[in-house]
Amino acid sequence: MSLSTKYNPSEAESKWYDFWMENKLFSSSVDYNKEPYSIVIPPPNVTGVLHMGHMLNNTLQDVLIRKARMEGKNACWVPGTDHASIATEAKVVAMLKEKGIDKKSINREEFLSYAWEWKEKYGGIILEQLKKLGASCDWDRTKFTMDADLSEAVISVFVDLHNKGKIYRGIRMVNWDPQGKTALSDDEVIFKEIQSKLYYINYKIEGSEDETLTIATTRPETIMADAAICINPNDSRFAHLKGKKAIIPLINRSIPILEDDYVDVEFGTGCLKVTPAHDVNDYEIGIRHKLEVIDIIADDGTLNEKAQILVGEDRFIARKKIAKLLKEAGQLAKEEEYTSNVGHSERTDAVIEPKLSLQWFLKMEDITKPALTAVMDDVIALYPPKFKNMYRSWMDNVRDWCISRQLWWGHQIPAFYLPNGEYVVAKTAEEALVVANEKYGENYKLADLKQDEDVLDTWFSSWLWPISVFDPNVFATGEKNEDLKYYYPTNDLVTAPEILFFWVARMIIAGYEYMGEKPFRNVYLTGIVRDKQGRKMSKSLGNSPDPLELIKIYGADGVRTGMLFSSPAGNDLPFDEKLVEQGRNFANKIWNAFRLIKGWEVDSSIQNHQNQTAILWYESRFNQALEEIEDHFSKFRISDALMSTYKLVWDDFCSWYLEMIKPEYQKPIDLETYEKTLAFFEKIMKVLHPFMPFLTEELWHQIKGRDVKNALIVSPWPKADEYNQGMITDAAQVFEVVSQVRNIRASKGISPKEAFALTINTQSPDLYKSFEAILTKLANLESVSYGDSVEGALSFVVKSDEFFIPLNESIDVEAEKENLKKEIEYTKGFLNGVVKKLSNERFVNNAPDQVVAIEKKKQADAEAKIKTLEDSLAKLS
RNA sequence: GGGAAUUUAGCUCAGUUGGUUCAGAGCAUCUGCCUUACAAGCAGAGGGUCGGGGGUUCGAAUCCCUCAAUUCCCA
């Protein structure tokens with residue numbers, strides 16, 4: 001068999017993904033003989049295509065799930081998608097517009113059938129793309145937040161919470177998006193600094209000839225909705241106006257002048273116009289003073305008839321026109337440039353209009369309590385833990401959750417309005433009818449009921465995700481099915497910190513409310529994938545590489561490792577294609593290591609004399625590395641786990657071990673070494689598998705033919721055995737000697753082919769004797785001898801041992817002396833510091849014995865080294 | 001305006017209770033090599049006042065104060 005010198009990933013990828021799928025190796029079912037390990041995917045939006053954020057996030061999940069599977073756990077990764085009300089509705093509306101269909105011209109049912117059609121066509125794209133990445137989800141379990149049973153779950157929960165009195169309907173000032181024509185939560189509003197103007201407007205005082213007061217406002221178009229003018233009670237400038245009335249310019253309506261602490265004496269003129277319908281703070285003032293609420297702005301952001309003037313004009317056009325009218329009327333005192341923070345819709349970028357509206361709310365005060373405690377007490381652990389702070393501050397200051405959205409795509413609110421003006425909340429219209437007739441003693445028909453037009457916030461369905469993917473019916477029946485009993489709570493959740501509150505916190509709330517139990521044990525928060533300029537990678541900026549294209553070029557394994565090389569938990573990932581290239585190179589390195597081993601001819605008649613030490617050393621080193629790797633995994637330091645694996649494979653296995661045991665060209669290898677080496681390689685395949693599933697499965701089967709049961713994906717994860725620390729330390733010292741010899745070759749321009757005779761002056765010759773064969777091979781020595789010194793030879797020092805290499809050519813004695821002097825000087829300086837420390841009584845008295853002992857050893861080592869160096873120097877002179 | 005986080009090599013980051021894991025890793029850079037597994041490679045080298053300043057301590061990247069810069073959350 002001959003293998004290409006370069007690993008070609010694409011063939012292996014499709015072959016092994018098909019193999020895993022056909023043999024159902026990703027699938028999981030209840031089995032009480034095994035420990036369950038479950039992850040629910042953060043369901044990607046049906047609108048999306050795979051981006052770099054998904055790649056990072058899902059690679060992490062796949063690493064975790066694959067490792068758990070190999071550890072013998074019953075690993076279940078549930079995939080699915082989210083219906084994403086606002087985003088999807090926007091896409092569908094845009095799609096219809098292109099077809100020349102206006103959303104307003106069709107009814108709800110027609111719209112929804114277009115939306116479903118759209119979802120069927122595009123909704124599964126991301127999941128298909130994840131397969132290319134190697135994601136080992138149990139695809140038979142794929143769920144969608146608007147599946148019939150999951151929808152029922154949402155409705156049941158709404159009804160239940162309403163019955164518990166936790167859901168209520170109320171008038172609130174909401175963030176209205178006049179373009180999307182929907183209310184947004186505070187978190188969906190992005191504040192931007194906008195250059196605007198502060199308009200100073202004069203209001204006449206009623207009953208006086210020419211007395212006026214001046215207010216400053218950024219929104220002159222709302223003066224028609226003014227309900228009062230407020231002054232600060234401590235502001236003597238305006239005390240005389242109290243109790244009088246002011247007249248709104250242009251429309252000549254008179255309004256009271258009131259006192260309120262809220263007014264900032266410093267800001268503007270110190271007089272505040274109060275417009276309860278169009279400003280959150282004014283609304284509060286309005287409640288305090290029982291002011292009339294005059295709403296002059298329509299849903300689409302134009303002025304309505306209550307404005308009396310400029311009816312039908314857009315709010316921004318009206319602003320300009322009002323300013324002009326005021327100027328003409330002589331009531332515009334001045335205009336001033338002013339920057340203010342203006343809220344914009346995250347989805348449509350429209351300027352948010354504070355608007356009073358009737359919405360559905362979930363009371364958050366009580367329901368959040370167990371969710372806060374769980375995270376604060378580390379019942380649910382956040383990685384990295386710094387997010388606990390953020391989590392707490394949000395939960396402490398949480399506001400009631402506005403759960404209604406003025407959209408069609410989503411779960412329609414199960415509230416039914418009756419002809420008598422009342423409403424009933426029930427799962428279906430039929431149930432609602434029964435309740436209604438009973439409650440009000442009426443004899444209504446189904447046709448008399450009118451269901452609420454709005455749908456629920458998308459997060460009101462995804463907060464149930466860790467429960468509903470296993471058992472959507474539990475909310476209605478209260479009876480847990482087997483899946484839910486077995487897989488819940490899930491183990492780990494991998495998601496982005498941006499949705500810590502939107503989603504993670506709410507899942508925790510729902511978990512405690514409905515299961516009385518946390519939804520997951522660990523939350524791993526990834527960073528944002530950014531480009532080199534630090535900008536978030538996004539399709540709209542065009543700064544994101546196409547993930548599938550990357551996979552094509554570098555291989556899925558290369559992309560996976562590339563993403564993980566530089567992504568500690570909670571830190572942003574500054575993406576650079578170089579990382580992915582490094583991943584590809586790593587795959588190639590492993591491929592070639594295998595080519596080397598596979599190419600050896602085995603001769604069972606040879607006894608293994610030389611390679612015992614190498615084998616023992618590597619065994620120890622492997623176990624030490626595995627212990628490290630496990631430790632990193634246990635702390636969710638996935639990047640570090642990968643880096644430790646990378647170094648184990650590249651440095652220890654390839655650069656050191658294989659070079660130690662490699663037979664001469666075209667010479668055979670002994671059977672024992674060969675078998676040990678293959679066994680080592682197999683262990684490496686196992687440890688690498690979660691990171692690089694395709695390459696490792698491919699090589700696993702190249703090593704020898706295996707059946708499905710023995711596929712790598714389901715092979716047992718290796719256990720870290722005891723290791724010989726002393727041997728690892730000794731080897732490190734020998735490696736240092738090898739490096740020094742190589743350094744001499746490199747700096748003197750001597751060919752690596754020229755063998756050296758090495759003489760060692762040491763107190764511990766046994767150390768070198770046990771590694772002699774290795775030393776000879778790796779440093780290319782013709783002999784190793786032990787002795788005090790060698791005349792006219794180059795020398796170097798490792799620890800307190802001295803090494804001599806005689807060269808055929810004459811050495812530059814002066815340069816050598818210079819080098820030795822430099823090193824002596826440095827070591828003396830180092831010794832000085834140590835001695836100083838040790839002669840400080842307070843150090844010796846206060847520092848722990850162990851620390852003092854270490855310092856004393858430093859002193860002894862340094863003194864020995866100086867002596868060795870000085871001897872060498874003396875011999876040169 | 002209130003709160004939090006971050007600042008260590010050219011880049012991205014480790015550095016746990018203050019003391020040998022203490023100044024580290026990977027990448028990048030430089031030098032020499034197409035040495036029969038791998039140039040997607042091998043061998044070697046250089047590179048940092050641990051953001052600035054002050055303090056506590058026998059001892060500070062680590063603890064405290066202060067200033068600065070960056071980022072995020074809330075208003």
Side-chain angles (χ1 to χ4, degrees), chain A residues 3-7 186-187 191 264 280-281 341 343 384 386-394 396-399 497-498 500-501 527-528 530 532 534 554-555 558 562 565-568 570-576 578-579 581-600 628 631-632 635 637 639-640 642-644 646-647 650-651 654-655 658-659 662 664-666 729 738-753 778-780 833-834 836-855 857-858 861:
Chain A
L3 297 170
S4 135
T5 60
K6 289 193 168 44
Y7 169 56
D186 289 350
D187 311 284
F191 284 86
D264 183 349
V280 182
N281 297 309
N341 256 346
K386 66 177 178 186
F387 286 106
K388 273 169 83 172
N389 272 336
M390 266 172 71
Y391 183 85
R392 178 175 45 209
S393 70
W394 188 75
D396 280 344
N397 302 308
V398 69
R399 295 208 213 152
E498 335 167 83
L500 185 59
F501 312 134
I528 295 165
R530 297 181 182 280
K532 278 185 180 169
Y554 296 101
F565 273 133
S566 179
S567 57
N571 269 37
D572 287 357
L573 168 72
F575 183 79
D576 187 336
K578 276 259 156 99
L579 290 167
E581 196 182 316
Q582 192 188 346
R584 176 199 61 180
N585 294 354
F586 186 38
N588 197 50
K589 181 75 187 176
I590 299 161
W591 175 259
N592 276 293
F594 177 72
R595 282 182 61 225
L596 173 68
I597 299 168
K598 196 70 181 173
W600 284 332
E628 250 173 61
D631 184 56
H632 288 316
K635 292 169 181 155
R637 306 172 103 165
S639 264
D640 291 340
L642 172 61
M643 192 43 74
S644 294
Y646 180 85
K647 284 195 273 192
W650 200 309
D651 299 346
C654 295
S655 296
L658 287 180
E659 292 301 330
K662 189 164 136 184
E664 279 177 63
Y665 182 56
Q666 288 189 330
T729 312
V738 172
S739 291
Q740 289 283 1
V741 175
R742 287 171 175 170
N743 186 11
I744 284 173
R745 277 211 185 79
S747 60
K748 305 285 175 208
I750 300 166
S751 157
K753 285 171 186 155
L778 298 185
N780 189 20
V834 176
K836 217 171 167 184
K837 219 178 208 184
L838 282 168
S839 58
N840 183 336
E841 262 180 54
R842 283 190 291 184
F843 170 72
V844 180
N845 295 337
N846 292 326
D849 293 347
Q850 200 196 344
V851 174
V852 177
I854 286 162
E855 290 301 314
K857 184 166 187 312
K858 271 195 210 170
D861 287 350

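Predicted, not measured: the structure shown is a model, and the values here were computed from it. Just so we're on the same page: letters track the sequence lines, and every chain starts at 1.
Atom CD of A:Glu628 is separated from atom NE2 of A:His632 by 5.5 Å, given to the nearest 0.5 angstrom. Between atom OH of residue A:Tyr7 and atom CZ of residue A:Arg584 there is a gap of 13.0 Å, rounded to the nearest 0.5 Å.
Side-chain to base pairing of A:Lys578 with B:C27: no donor and acceptor N or O lie closer than 3.5 Å to each other. For A:Glu659 against B:A43, no side-chain N or O and base N or O form a donor-acceptor pair under 3.5 Å.
Contact check, A:Lys598 against B:A37: no side-chain N or O comes under 4.0 Å of OP1 or OP2. At the phosphate of B:C27, OP1 or OP2 sits under 4.0 Å from a side-chain N or O atom of A:Tyr646. Phosphate contact (OP1/OP2 of B:G44, side-chain N/O of A:Ser739, threshold under 4.0 Å): present. Checking the phosphate oxygens (OP1, OP2) of B:C42, a side-chain nitrogen or oxygen of A:Lys589 falls inside 4.0 Å.
Listed nucleotides: B:A37, B:G44, B:G26. Nearest to the side chain of A:Asn743: B:G44. Checking B:A37, B:A25, B:A40 against the side-chain heavy atoms of A:Met643 singles out B:A25 as nearest. Nearest to the side chain of A:Ser655, among B:C42, B:G44, B:A25, sits B:C42. For A:Asn585, the side-chain atoms get nearest to B:A40 when compared with the rest of B:C27, B:A37, B:A40. Side-chain proximity of A:Trp650 to the nucleotides B:A37, B:C42, B:A40 is greatest for B:C42. Each of B:A40, B:G26, B:A75 was ranked by its minimum atom distance to the side chain of A:Asp651; first place goes to B:G26. Side-chain atoms of A:Thr5 lie closest to B:C38 of the nucleotides B:C38, B:G26, B:A40. The A:Asn592 side chain lies nearest to B:A37 when the options are B:G26, B:A37, B:G44. Here B:C27 is the nucleotide among B:C27, B:A37, B:A75 with the atom lying nearest to any side-chain atom of A:Gln582.
A:Lys647 comes within 4.0 angstrom of sugar-phosphate atoms only, judged by non-hydrogen atoms across all strands, and of no base. A:Phe586 comes within 4.0 angstrom of no nucleic acid atom, judged by non-hydrogen atoms across all strands. A:Arg637 comes within 4.0 angstrom of the backbone, heavy atoms only, and of no base. Across all strands, A:Arg742 comes closer than 4.0 Å only to sugar-phosphate atoms, never to a base (heavy-atom distances).
When the P atom is used for both B:G15 and B:C72, the distance is 23 Å, rounded to whole Å. Remark: the separation of the P atoms in B:U29 and B:A23 is 28 Å, to the nearest Å. With P as the reference atom, B:G26 and B:A43 are 13 Å apart, rounded to whole Å. Spacing of P atoms, B:G51 relative to B:G46, comes out at 24 Å, to the nearest Å. Taking atom C1' on both B:C13 and B:G53, the two are 27 Å apart, rounded to the nearest angstrom. B:C42 and B:A37 have their C1' atoms separated by 12 Å, with the value rounded to a whole Å. Taking atom C1' in both B:U56 and B:C63, the straight-line distance is 8 Å, to the nearest Å. The separation of B:G24 from B:A14, taken at their C1' atoms, amounts to 7 Å, rounded to a whole angstrom.
To the nearest angstrom, P of B:G15 lies 8 Å from CG of A:Asp640. A straight line from CD1 of A:Ile744 to C1' of B:A45 spans 14 Å, rounded to a whole angstrom. Rounded to an integer number of Å, the gap from NZ of A:Lys748 to C1' of B:C33 is 19 Å. Separating the CG atom of A:Leu596 from the P atom of B:C38 is a distance of 9 Å, rounded to the nearest angstrom. A:Ile750 places its CD1 atom 13 Å from the C1' atom of B:G44, with the value rounded to the nearest Å. In this structure, NZ of A:Lys662 is placed 11 Å from C1' of B:G41, rounded to the nearest angstrom.
Pair assignment for B:U7 gives B:A68, based on Watson-Crick or G-U wobble hydrogen-bonding distances that are each under 3.5 Å. Pair assignment for B:C42 gives B:G32, based on Watson-Crick or G-U wobble hydrogen-bonding distances that are each under 3.5 Å. With both pairing distances under 3.5 Å, B:A61 is matched to nothing as a Watson-Crick or G-U wobble pair. If you check B:G24 for Watson-Crick or wobble pairing at under 3.5 angstrom, you find it paired to B:C13. Pair check for B:G1 finds B:C74; Watson-Crick or G-U wobble, both atom distances under 3.5 Å.
Under a 3.5 Å cut-off, the side chain of A:Arg745 and the backbone N or O of A:Ala779 do form a donor-acceptor pair. A donor-acceptor pair under 3.5 Å is absent between the side-chain atoms of A:Asn743 and the main chain of A:Ser739, judged by distance alone.
Mapping A:Ala593 and A:Gln740 onto RNA chain B by nearest heavy atom places A:Ala593 at the nucleotide closer to the 5' end.
Checked for salt-bridge contact, A:Glu659 and A:Lys662 meet the test: a charged N lies under 4.0 Å from a carboxylate O.
The side-chain heavy atoms of A:Asp631 and A:Asp640, taken from C-beta on, include no pair separated by under 4.5 Å.
Aromatic ring orientation, A:Phe565 versus A:Tyr646: perpendicular (interplanar angle above 60°, classes split at 30° and 60°).
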